[in-house]
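In what follows, a structure is listed as structure tokens, so that the remarks can point back to it.
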2 protein chains.
Amino acid sequence: MAAKEAETVASISCSGHGRAFLDGLVVNGKPICECNACFAGPDCSDFLPECVVDADSGDPTFLEPFWEQHAASSAIVVAGWHRMSYEFNDGSLISEELKTHIRQVHALVGNAVTDGRFIIFGAGATQLLNAAVHALSPKGAASPAKVVASTPYYPVYKEQTEFLKSEDYEFSGDTLLWKMSGLDSSSHSQSQNIVEFVTSPNNPDGELKKAVVGGPFVKTIHDLAYYWPHFTAIPAPADEDLMIFTLSKLTGHAGSRFGWAIIKDEVVYQRMLTYMSLSTYGVSRETQLRVLKLLKVVIEGKGREMEVETGSDWMRGETLQVDLRFLGPKVALEAELGSWRPNEAMEAEIKSWRPSEALEAEIRPSEALEAEIGSWRPNEAMEAEIGS
Amino acid sequence: MAAKEAETVASISCSGHGRAFLDGLVVNGKPICECNACFAGPDCSDFLPECVVDADSGDPTFLEPFWEQHAASSAIVVAGWHRMSYEFNDGSLISEELKTHIRQVHALVGNAVTDGRFIIFGAGATQLLNAAVHALSPKGAASPAKVVASTPYYPVYKEQTEFLKSEDYEFSGDTLLWKMSGLDSSSHSQSQNIVEFVTSPNNPDGELKKAVVGGPFVKTIHDLAYYWPHFTAIPAPADEDLMIFTLSKLTGHAGSRFGWAIIKDEVVYQRMLTYMSLSTYGVSRETQLRVLKLLKVVIEGKGREMEVETGSDWMRGETLQVDLRFLGPKVALEAELGSWRPNEAMEAEIKSWRPSEALEAEIRPSEALEAEIGSWRPNEAMEAEIGS
């Protein structure tokens, strides 16, 4: 019955510009099409000419075609009796099998050291960011730890830290102030507890960043969400004290709310475990089951070409330097428009359509970006790897 | 392929004292049995005679047999491309279909008013508890809101509130102090912001509780996790300002980490939405899909007998007054032991086994409980319903 339902919903035609889901709104007994941005109608065949796509949502929908092509190997069946208990059989909230597969993916890609490191799961990088801030801020210090990041930074750092503010930490904006204080060795700020977010490649500008605030009381959180070969070159495995990764940017499953942290220090690891336990009592078991299956597909694809519609060779080999601001619906939309054919009624309307100046400016890559893409060459290490 | 894997894993025999899972540890190419408490061995057939079951875990495993009996109708298939986006198509993090079905379950059971109320999802009641404390504590007040509960209370209230402490709230223990202050109308405490947890039926003692602290600055969080007919009689639909329910205690799926809050005030609802957004960016989409399926089974079962191994007529009709401390592994173990037959090699060993005095005392219902069970009769309203 479950398989039949899934097949039925997969067979509902939404003109290639939308999708019906098992848990979508039901009209006349079957789920209706949910249309992509700029499309409408019962089967998503109506193009909305005045539509402007929100390019900033960061939705990694450009990976959807990959999972459509691997539909059979990436599906899971969840039985009604699957993992009903609060804990796994070993008393933990974390699947050992999934942890093993995460280590395998990092070993395959070469983007992070996991040997001898602790691994913890969270509901997306989102939950892990605050868990890390919480764990790295000393309890009962004279003043709260200052949480900082280099501008421009991912706005959630500020929003989340301020919203969930505690006696032990507070968001303090840009790193610049603390770099300058650090130069002055007589300053009291030398003893200030600081937690620095380091995002590499950075969101929103794609820059490979390093920690900039130094001193004995500075802890770092390396947000490596985009440190995968489909976003950037991987010169060496990262080996930082606390590294955060997210499924959203690896496989594109943002809706699954799954991320993991790789941690060197056992005390920090234990504090983050306590946070997870008291915040949500771990990550949903059906999510852990699904992520395991998705990572198996990624691992099995080793050495195979994993072409997705961006034209990037996904996961290894030749990489595509992507301006992160241009990922998301816009890429998906462009890919779609490439293969999409209007029916006769719409053709006339489309032929007369011209992008507005504002839209054209937005879609066109900047000169700086064009120059960068034009001049990009793989480095020697990568060339050797590609050759082999 | 997904269906075949699921069938294979379901067919692995663990002697009725354990289970193999799709994401279990793999030995020689197949998942191994994970044994229930007090059983061991490759197929869980070894009984551990010195074993003492932890009766306090609260794991609702007594509902597992129900889902085994409804395996076909309760399974889901999750396609690799299912709901990859950060948001649902309407921009929210919450499935409208699932919300509709939650309202239907409450209407069917008659345990909560949902008409005209806001509904929000969380990763179990756990996440919603702190979201509610956060939302009900005024920002920037002269002193933090005092978070209180009547002893004996669910220990997570204290542990969570203290661990995630903020400038805006702090855990202050028992309600008694504030009841007494309330009597003294000249007291400054009249203007104190208070958030009271009301748990009904109470965990751990099963008592039907009411809010006890009164005053213009008192907000309540009604934790109604156990307000279902398989735990207690339902005299009337609850209609409190902020009510929290959890899937764990409705269907037994504690591992899914899914709960919901029913909220009267829109401002409180919006604050809790913000909390969910900045804490985890909503609840995993595969979890929402699975919960929808489980609730459909519950709703379809309306009027049918849903016998589970506790002997309770689940969901409606005759209810079983259960001492909450005795739920969980102990009930499951007793049910199991009832149908379990030893092989010859073990029989001799078992025949010579006697429970230790400590174990015997623990298993035996208290005199108070026995008297209560012996004297329990359905009330008139329930008798009429059963008769029909």
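Below, chain A is the first sequence line, B the second, and so on; all start at residue 1.
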Of the backbone (N, CA, C, O) and the side chain (C-beta and beyond), which part of A:Tyr275 lies under 4.5 Å from a heavy atom of chain B, both, or neither? both
How long is the straight-line distance from CG of B:Leu93 back to CZ of A:Arg257, given to the nearest 0.5 Å? 8.0 Å
For chain A, the option from B:Ser277, B:Ala75, B:Gly259 that forms the most heavy-atom pairs under 4.5 Å: B:Ala75
For B:Lys296, I'd like to know if atom NZ has over 12 heavy atoms of other residues, nucleotides or ligands within 6.0 Å. yes
Tell me, side chain or backbone of A:Val283 under 4.5 Å from chain B's heavy atoms, or both, or neither? backbone
Might you work through the side-chain contact (heavy atoms from CB on, under 4.5 Å) test for B:Leu63 and A:Trp81, ending with a clear yes or no? CA-CA 9 Å; B:Leu63 291 167; A:Trp81 46 261; over 6 Å; no
Part of B:Ala10 within contact of chain A (heavy atom distance under 4.5 Å): both
Looking only at heavy atoms, the pair that brings B:Leu25 and A:Glu97 closest together is CD2-OE2, 3.8 Å
A:Asn130 versus chain B, the contacting section by heavy-atom distance below 4.5 Å: neither
CZ-OG distance between B:Phe258 and A:Ser284, expressed to the nearest 0.5 angstrom: 10.5 Å
Spacing of A:Glu96 atom CD and B:Asp23 atom CG [to the nearest 0.5 Å]: 11.5 Å
Distance, nearest 0.5 Å, that separates NE2 of B:His82 from CD1 of A:Ile76: 10.0 Å
Nearest 0.5 Å please: distance from the CG atom of A:Leu22 over to the CG atom of B:Leu289. 5.5 Å
Heavy-atom distance under 4.5 Å to chain B: side chain of A:His134, backbone, both or neither? side chain
With chain A as the partner, which of B:Leu128, B:Leu98, B:Thr274 has the greatest number of non-hydrogen pairs under 4.5 Å? B:Thr274
Chain B contact via A:Lys139 - which portion, at a heavy-atom distance below 4.5 Å: neither
Donor-acceptor pair, distance only, cut-off 3.5 Å: does the side chain of A:Arg290 make one with the backbone of B:Glu286? no
Closest heavy-atom contact between B:Tyr281 and A:Thr126? N-CG2, 4.1 Å
Should A:Lys165 and B:Asp168 count as an ion pair when the cut-off is N to O under 4.0 Å? yes
Per-residue contact mode, A:Leu292 against chain B (heavy atom under 4.5 angstrom): side chain
Is there a donor-acceptor contact under 3.5 Å from the side chain of A:His253 to the main chain of B:Ser85? no
Under 4.5 Å from any heavy atom of chain B - which part of A:Glu5: side chain
May I ask you to say whether B:Arg83 pairs ionically with A:Glu34, meaning some side-chain N is under 4.0 Å from a carboxylate O? yes
Please state whether the side chain, the backbone, both or neither of A:Ser256 comes within less than 4.5 Å of a heavy atom of chain B. both
Please report the closest heavy-atom contact between A:Ser74 and B:Gly80, naming both atoms and the distance. OG-CA, 3.2 Å
Quick one: which of B:Ser279, B:Ser73, B:Ala6, B:Ser248 has the most heavy-atom pairs under 4.5 Å with chain A, could you say? B:Ser279
Which one, B:Pro31, B:Gly24, B:Ala3, leads in non-hydrogen pairs under 4.5 Å with chain A? B:Gly24
Name the option with the most non-hydrogen atom pairs under 4.5 Å to chain A; the candidates are B:Glu159, B:Lys293, B:Arg19. B:Arg19
Tell me whether B:Asn89 contacts the main-chain N or O of A:Cys35 through its side chain, where contact means a donor paired with an acceptor under 3.5 Å. yes
At a 4.5 Å cut-off on heavy atoms, which part of B:Ser95 comes close to chain A: side chain, backbone, both, or neither? side chain
Nearest 0.5 Å, what's the CG-OG distance between B:Leu164 and A:Ser166? 9.0 Å
